[in-house]
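Atoms considered below: every heavy atom in the structure, side chains included; atoms not considered: hydrogens, waters and symmetry mates.
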Amino acid sequence: MTIMILPRYDRRCGWYEQLDSVSDFPEITTDTHVDVLVIGAGFVGCAAARRMAENRPDAQVLLIDAIKVGQGASGRNSGFVIDQPHKRDLESHDETLKQKIVRLNRVAVEYLETQIERYGINCHWSHAGKYQAAVGPRGEQHLAHYESLLNKGGETYHCLSKAEMRDVFGTDFYSAAIHTPGGALMQPAALMRGLADNMPKNVQVAERTAVQAITRTSQGFEVRTGKARIQCRQLILGTNIFTAELGFMRDRILPIMTFASMTAPLNDEQMQRYGGRLDWGITPADHGGTTLRMTQDRRLIVRNSYRYAHDYNTPQELIPTIAARHREAFDQRYPQLNDVAFEYTWGGASGLSANFETYFGELEQNIFASCCDQSVGAARGTISGMMLADMAAGLKTDLLRDMQQVSGNPSRLPPRPLLRIGVPLRLAYERFKSRSEV
């Protein structure tokens, strides 16, 4: 199979662009033989490479990415590592299933935190938890449903008063909010760089090594890149939406781009006008609403707007329109900060499925993959990568069994020409329905 569309970096991602220094992993330029090749150095790929090295210290593991580590989707998210079931998973009527998802996510949080502490990764990691907030009646309805599900699952949470919301968020814009304490916040590009910089000795990392073709051989696989051929016995794919370009799940993964804007750091005088705290994050009670972050280094981040990413990347001509939407949402929340400029606006892709199922497992003999992350890639991607490595190593664990039970079979999508018409219309409709919460 020959790959047609490759990842590319647009130099817009605020998380990556503000990194002080970035190490360099050389491109693979000579023919190479390894035991396990992991394609994609995001959350899935980094976790899979490390776990495989832990499972099989004698194995040679190669982790490659088409661009620089941290430039892809895993370095572009809003910086939440969420332990609670999210969106459709949360609404499942199977409480046992939800408990398994929570357990898996919390193992992922602990696995990441262990590495951050062991290697001193500076990624602004904190157990700040997560807020879910409503703007008006529509959002409050969703929030009440969320609270009922938390109660049903026996989860700990706190409903904020109006004064508490003002104290934390620095705005009176929200009408209701709930805090759950289990999740973490971080700087995603810095975390990805730190994970790659501190791999076990039997893991080699290579950047700017784009896969052009994959061929099955009698000994395993031959993977052709721009300058070399890589022979391996097993393949682990941490490629999410690009999995379709590798020839798998072609009619199952719906690539959706969501967008964020990040301000310059607030100065002391602006911080006084802001009046809230540092280091928190809000996800909207209404899924079509606006995500909001305040970082440890005084930057506010607004995320909303969605696009069917049939080309997997962000057309630059869309950026001014997206930035204007973010500006409107920002000014509604912080009219006292209308002089605070956006420094970056970027898009990040996630993989959805028509039936909201994620995929995890063995696509073909000795080809393992996790995709259709449903926009919750940090914890889910990490635990998926860990369990793919366990599966590839032939291990049978309770966590792997749980992972298989909470994963599903993404349903087939309509033909692409229909998607290019239907998905934008559906996204526009959803945005219209959620307009009061944006």
Side-chain angles (χ1 to χ4, degrees), residues 77-80 82 84-88 90-91 128-151 157-181 183 185 256 258-263 266 273-295 299-307 321-338 340 342 345 348 375-376 426-438:
N77 64 66
S78 295
F80 293 85
I82 296 172
Q84 290 291 336
H86 197 46
K87 299 182 179 177
R88 307 299 178 192
L90 184 65
E91 294 164 356
K130 176 180 72 71
Y131 295 92
Q132 193 162 111
V135 175
R138 178 181 169 87
E140 289 169 10
Q141 230 177 358
H142 284 282
L143 200 63
H145 179 55
Y146 177 59
E147 183 177 4
S148 71
L149 294 173
L150 291 173
N151 284 327
Y157 67 93
H158 171 65
C159 295
L160 279 73
S161 68
K162 196 73 174 174
E164 287 174 317
M165 286 188 285
R166 181 67 181 80
D167 176 63
V168 175
F169 309 142
T171 177
D172 293 317
F173 187 73
Y174 292 100
S175 60
I178 287 174
H179 179 257
T180 52
L185 297 176
I256 295 294
T258 185
F259 299 87
S261 288
M262 173 187 286
T263 70
L266 273 60
R273 279 188 272 143
Y274 160 61
R277 300 181 189 176
L278 297 177
D279 197 29
W280 51 262
I282 293 172
T283 58
D286 182 339
H287 301 163
T290 294
T291 296
L292 191 65
R293 275 283 316 270
M294 169 54 92
T295 68
R299 296 174 183 268
L300 282 158
I301 300 167
V302 174
R303 186 187 74 180
N304 62 40
S305 301
Y306 296 86
R307 170 183 178 264
T321 299
I322 298 297
R325 288 181 187 171
H326 292 165
R327 187 78 241 176
E328 181 180 1
F330 182 88
D331 288 344
Q332 287 177 332
R333 287 159 176 78
Y334 298 107
Q336 75 273 31
L337 297 176
N338 58 10
V340 175
F342 286 147
T345 297
S375 298
V376 287
R426 177 61 184 269
L427 291 175
Y429 173 65
E430 293 296 330
R431 178 176 173 77
F432 175 78
K433 286 199 307 180
S434 302
R435 64 194 183 280
S436 63
E437 294 293 313
V438 175

Practice prompt. Would you please test Glu147 and Tyr157 for side-chain hydrogen bond (donor to acceptor under 3.5 Å, both in side chains) and show each step?
Written response: CA-CA 8 Å; Glu147 183 177 4; Tyr157 67 93; 2.9 Å; yes
Worksheet entry | For Arg277, salt bridge (charged side-chain N to carboxylate O under 4.0 Å, His left out) partners two or more places apart | Asp167
Discussion item. Looking at Glu430 and Lys433, is there a salt bridge between them, counting it only when a charged N and a carboxylate O are closer than 4.0 Å?
Written reply: yes
State, yes or no, whether a side-chain contact exists between [X] and [Y] at a heavy-atom distance under 4.5 Å.
X      : Y      : result
Lys162 : Tyr174 : no
Leu185 : Asp279 : yes
Leu300 : Arg293 : no
Ile301 : Leu292 : no
Val302 : Met262 : no
Val438 : Arg431 : yes
Arg303 : Thr290 : no
Ile282 : Gln132 : no

Can you tell me how far [atom2] of [Y] sits from [atom1] of [X], rounded to the nearest 0.5 angstrom?
X      : Y      : atom1 : atom2 : result
Glu328 : Asn304 : CD    : CG    : 9.0 Å
Phe259 : Thr321 : CZ    : OG1   : 10.0 Å
Glu140 : Asp286 : CD    : CG    : 12.0 Å
Ser434 : Arg138 : OG    : CZ    : 4.5 Å
Leu150 : His158 : CG    : NE2   : 13.5 Å
Asp331 : Leu337 : CG    : CG    : 9.0 Å

Worksheet, complete the sentence: Looking only at heavy atoms, the pair that brings Asn77 and Phe80 closest together is OD1-N, 4.0 Å
Discussion item. For Leu266 versus Met294, what's the shortest heavy-atom pair and its separation?
Written reply: CD2-CE, 4.3 Å
Determine yes or no for a side-chain-to-main-chain donor-acceptor pair under 3.5 angstrom, with [X] supplying the side chain and [Y] the backbone.
X      : Y      : result
Trp280 : Val168 : yes
Arg325 : Ile322 : no
His179 : Cys159 : no
Ser175 : Val135 : yes
Glu437 : Gly139 : yes
Glu164 : Ala177 : no

Fill in: Phe330/Phe342 aromatic ring centres below 6.0 Å
yes
Discussion item. If you take the centroid of each ring, where Trp contributes its six-membered ring, are Phe169 and Tyr131 closer together than 6.0 Å?
Written reply: yes
Fill in: Donor on one side chain, acceptor on other, Thr171 and Arg333, under 3.5 Å
no
Practice prompt. Using the ring of Tyr429 (Phe, Tyr or Trp, six-membered ring only), decide whether Arg426 places NZ or CZ under 6.0 Å from its centre and within 45 degrees of its axis.
Written response: no
Practice prompt. Give a yes or no on whether Gln141 atom CD has more than 12 heavy-atom contacts from other residues, nucleotides or ligands under 6.0 Å away.
Written response: no
Response to the item:
Sorted by chain and residue number, the side-chain hydrogen bond (donor to acceptor under 3.5 Å, both in side chains) partners of Thr180 (sequence neighbours excluded) come out as none
Discussion item. Applying side-chain contact (heavy atoms from CB on, under 4.5 Å) to Tyr334 and Val340, what does each step give before you reach the verdict?
Written reply: CA-CA 10 Å; Tyr334 298 107; Val340 175; over 6 Å; no
